[in-house]
Amino acid sequence: VQLQASGGGSVQAGGSLRLSCAASEITFNSYVMGWFRQAPGTEREFVAGVGWSDLSTSYADSVKGRFTISRDNAENTVHLQMTGLKPDDTAVYYCTAGHSLRTVIDGEGEYWGQGTEVTVSS
């Protein structure tokens with residue numbers, strides 16, 4: 001199983017980025033997908049999760065109203081649209097796949113991808 005994250009970069013505060021995570025060798029629509037992030041010197045934290053369809057989503061309070069998670073089951077891809085970026089959003093972002101929204105939110109996803117780095121300057 002591979003989860004390949006992409007789309008990170010450097011932006012100024014207030015800018016936008018769209019992260020993508022492409023899954024391979026996985027029955028994609030059987031997994032809940034999520035995004036976590038880890039800033040230097042901090043623990044990895046939950047950002048957003050999406051159920052088997054886009055009908056069920058969950059967000060960390062710090063990103064509600066600014067980030068949108070979505071999935072394309074035909075393309076085996078999950079996206080994280082990030083708007084209104086703040087310097088506090090600077091982190092390495094990781095995608096994860098799990099069997100329930102609860103396990104993903106708790107950081108107990110079965111699979112994890114490599115990170116993509118997001119840097120937001122003030």
Check your understanding: For Phe28, is the NZ or CZ atom of Arg71 found under 6.0 angstrom from the centre of its six-membered ring and inside 45 degrees of the ring axis?
Key ->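 Checked: cation-pi criterion met.
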[X] to [Y] - nearest heavy-atom pair and separation:
{"X": "Leu80", "Y": "Ala48", "answer": "CD1-CB, 4.0 Å"}
{"X": "Ala97", "Y": "Ile26", "answer": "CB-CD1, 4.1 Å"}
{"X": "Val92", "Y": "Gly115", "answer": "CG1-CA, 3.5 Å"}
{"X": "Pro87", "Y": "Ser122", "answer": "CG-CB, 3.9 Å"}
{"X": "Tyr93", "Y": "Val47", "answer": "CE2-CG2, 4.3 Å"}

Donor-acceptor pair, distance only, cut-off 3.5 Å: does the side chain of [X] make one with the backbone of [Y]?
{"X": "Thr77", "Y": "Ala22", "value": "no"}
{"X": "Gln38", "Y": "Ala91", "value": "no"}
{"X": "Asn73", "Y": "Trp52", "value": "yes"}
{"X": "Tyr31", "Y": "Thr96", "value": "no"}

Review point. Charged N to carboxylate O under 4.0 angstrom, Asp89 versus Lys86?
Key: no
Point to revise | Parallel, tilted or perpendicular: rings of Phe36 and Phe46 (30°, 60°) | key: perpendicular
Check your understanding: Any idea how Trp112 and Tyr94 line up, ring-wise: parallel (<30°), tilted (30 to 60°), or perpendicular (>60°)?
Key -> perpendicular
Is any side-chain heavy atom of [X] less than 4.5 Å from a side-chain heavy atom of [Y]?
{"X": "Ser62", "Y": "Asp88", "answer": "no"}
{"X": "Arg37", "Y": "Val63", "answer": "yes"}
{"X": "Met33", "Y": "Leu3", "answer": "yes"}
{"X": "Gln4", "Y": "Gln114", "answer": "yes"}

Kindly compute the distance separating [atom1] ([X]) from [atom2] ([Y]), expressed to the nearest 0.5 Å.
{"X": "Ser58", "Y": "Leu101", "atom1": "OG", "atom2": "CG", "result": "5.5 Å"}
{"X": "Gln2", "Y": "Cys21", "atom1": "CD", "atom2": "SG", "result": "10.5 Å"}
{"X": "Ser30", "Y": "His99", "atom1": "OG", "atom2": "NE2", "result": "8.5 Å"}
{"X": "Leu19", "Y": "Met82", "atom1": "CG", "atom2": "CE", "result": "3.5 Å"}
{"X": "Asn76", "Y": "Asn29", "atom1": "CG", "atom2": "CG", "result": "8.0 Å"}
{"X": "Gln12", "Y": "Leu85", "atom1": "CD", "atom2": "CG", "result": "11.5 Å"}

Check your understanding: Hey, which of Ser20, Ser16, Ser70 is the one that makes side-chain contact (heavy atoms from CB on, under 4.5 Å) with Gln81?
Key ->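 Among Ser20, Ser16, Ser70, the one that satisfies the side-chain contact (heavy atoms from CB on, under 4.5 Å) with Gln81 is Ser16.
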Point to revise | ILVMFWY cluster, Val78 and Val118 together (side-chain gap under 4.5 Å) | key: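 Cluster IDs for Val78 and Val118 match.
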